[in-house]
> 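This structure is in structure tokens; I'll ask about it shortly.
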Amino acid sequence: MDEAARDDIQVLFVSVDPRRDDAETLREYTDAFGPQFIGLTGDKAALDELTRRYRVTYGYGEEDSEGNYDVSHSSAVFAFNDQGEARLLIRDSDPMEAVVADLERLASGA
């Protein structure tokens, strides 16, 4: 994408692990990607409402003896228009050229 289009994109990264991903941890993570990235999380009720709305799942594995656990979650990325409506679902298996074309079309308002 050209620089002007990239500058118009804002990325919301939603963590489903608020126990480990506090505001500072999320900020450190998203800052590594650039100023367009914002980290968000919430309590279980808020995360459950959000994941139900977008029909995605998440879950936690068993804790080991040191308190570590795995988190499973969707890898899909939703793209929204400037009115906050979900317009695209992007998967890691989608060809990059198609993703870029879709994002450019969405950014143009088409």
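This is a predicted model, so every value here is computed, not measured.
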> Taking only residues two or more places apart in sequence, or in another chain, which ones meet T30 in a side-chain hydrogen bond (donor to acceptor under 3.5 Å, both in side chains)?
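Partners of T30 by the side-chain hydrogen bond (donor to acceptor under 3.5 Å, both in side chains) criterion come out as none, since no residue qualifies.
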
> Under 4.5 Å between side-chain heavy atoms, hopping through other hydrophobics if needed: is there a path connecting L50 to V56?
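Same cluster: L50 reaches V56 through Ile, Leu, Val, Met, Phe, Trp or Tyr contacts under 4.5 Å.
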
> Quick one, Q10 and I38 - any side-chain contact, counting heavy atoms below 4.5 Å?
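When only atoms from C-beta onward are counted, I38 and Q10 do touch, with a gap below 4.5 Å.
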
> Please name the pair of heavy atoms, one in A46 and one in G42, separated by the smallest distance, quoted to 0.1 Å.
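Scanning both residues completely, I find the closest heavy atoms to be CB-CA, 4.5 Å.
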
> Hydrophobic cluster membership, with links at side-chain heavy-atom distances under 4.5 Å among I/L/V/M/F/W/Y: are V11 and L106 in one?
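In one cluster: yes.
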
> For residues V14 and V77: do they belong to one hydrophobic cluster (side chain heavy atoms under 4.5 Å, members Ile, Leu, Val, Met, Phe, Trp, Tyr)?
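No, no single cluster joins them.
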
> Could you check whether any side-chain heavy atom of V99 comes within less than 4.5 Å of a side-chain heavy atom of L103, counting everything from C-beta outward?
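Yes, at least one pair of side-chain atoms sits under 4.5 Å.
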
> Kindly write out the residues that satisfy side chain to side chain contact (heavy atoms under 4.5 Å, CB included) with E104, not counting sequence neighbours, or none if the list is empty.
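Listed in chain order: M1, V100.
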
> Give a yes or no on whether L12 and V16 share a hydrophobic cluster (residues Ile, Leu, Val, Met, Phe, Trp, Tyr; joining criterion: side-chain heavy atoms under 4.5 Å apart).
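The answer is yes; both residues are in one hydrophobic cluster.
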
> For R27, what residues pass the salt bridge (charged side-chain N to carboxylate O under 4.0 Å, His left out) criterion, not counting sequence neighbours?
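Here no residue qualifies.
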
> Not counting sequence neighbours, which residues clear side chain to side chain contact (heavy atoms under 4.5 Å, CB included) with F33? List them please.
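Per chain and number, F33 pairs via side chain to side chain contact (heavy atoms under 4.5 Å, CB included) with Y29, F37.
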
> Tell me every residue that passes salt bridge (charged side-chain N to carboxylate O under 4.0 Å, His left out) with D70, counting only those two or more places apart in sequence or in another chain.
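Listed in chain order: nothing, the list is empty.
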
> In chain order, what residues pass the ring pair (Phe, Tyr, Trp, His ring centres under 6.0 Å) check against Y58, with sequence neighbours excluded?
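Testing Y58 for ring pair (Phe, Tyr, Trp, His ring centres under 6.0 Å), a comparison that skips the adjacent residues, returns Y60.
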
> Please name all residues satisfying ring pair (Phe, Tyr, Trp, His ring centres under 6.0 Å) with Y54, sequence neighbours left out, ordered by chain then number.
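In terms of ring pair (Phe, Tyr, Trp, His ring centres under 6.0 Å), with neighbours along the sequence ignored, Y54 is linked to F78, F80.
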
> Could you list the residues that satisfy side chain to side chain contact (heavy atoms under 4.5 Å, CB included) with R91, not counting sequence neighbours?
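Once residues adjacent in sequence are excluded, the partners of R91 under the side chain to side chain contact (heavy atoms under 4.5 Å, CB included) criterion are L89, S93, D94.
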
> Holding to salt bridge (charged side-chain N to carboxylate O under 4.0 Å, His left out), I want the full list of residues that pass it with E97, two or more places apart in sequence or in another chain.
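Per chain and number, E97 pairs via salt bridge (charged side-chain N to carboxylate O under 4.0 Å, His left out) with no residue.
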
> Identify, with sequence neighbours excluded, every residue that meets salt bridge (charged side-chain N to carboxylate O under 4.0 Å, His left out) alongside R87.
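In terms of salt bridge (charged side-chain N to carboxylate O under 4.0 Å, His left out), with neighbours along the sequence ignored, R87 is linked to no residue.
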
> Quick one: salt bridge (Lys or Arg N to Asp or Glu O under 4.0 Å) pairs with a partner in residues 33-62, sequence neighbours left out?
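Qualifying pairs, neighbours excluded: K44-D48.
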
> Under 4.5 Å between any side-chain heavy atoms of T41 and D21, yes or no?
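Not in contact.
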
> Going by heavy atoms in the side chains, are D102 and I90 under 4.5 Å from each other?
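With C-beta onward as the side chain, the pair stays apart.
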
> Return each pair, listed once, that meets side chain to side chain donor-acceptor pair (under 3.5 Å) where at least one residue sits in residues 73-86; pairs must be two or more places apart or across chains.
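As it turns out, the side chain to side chain donor-acceptor pair (under 3.5 Å) pairs with a partner in residues 73-86, which skip direct neighbours, are N81-Q83, N81-E85.
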
> Could you check whether any side-chain heavy atom of P18 comes within less than 4.5 Å of a side-chain heavy atom of L47, counting everything from C-beta outward?
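Side chain of P18 against side chain of L47, heavy atoms only: contact under 4.5 Å found.
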
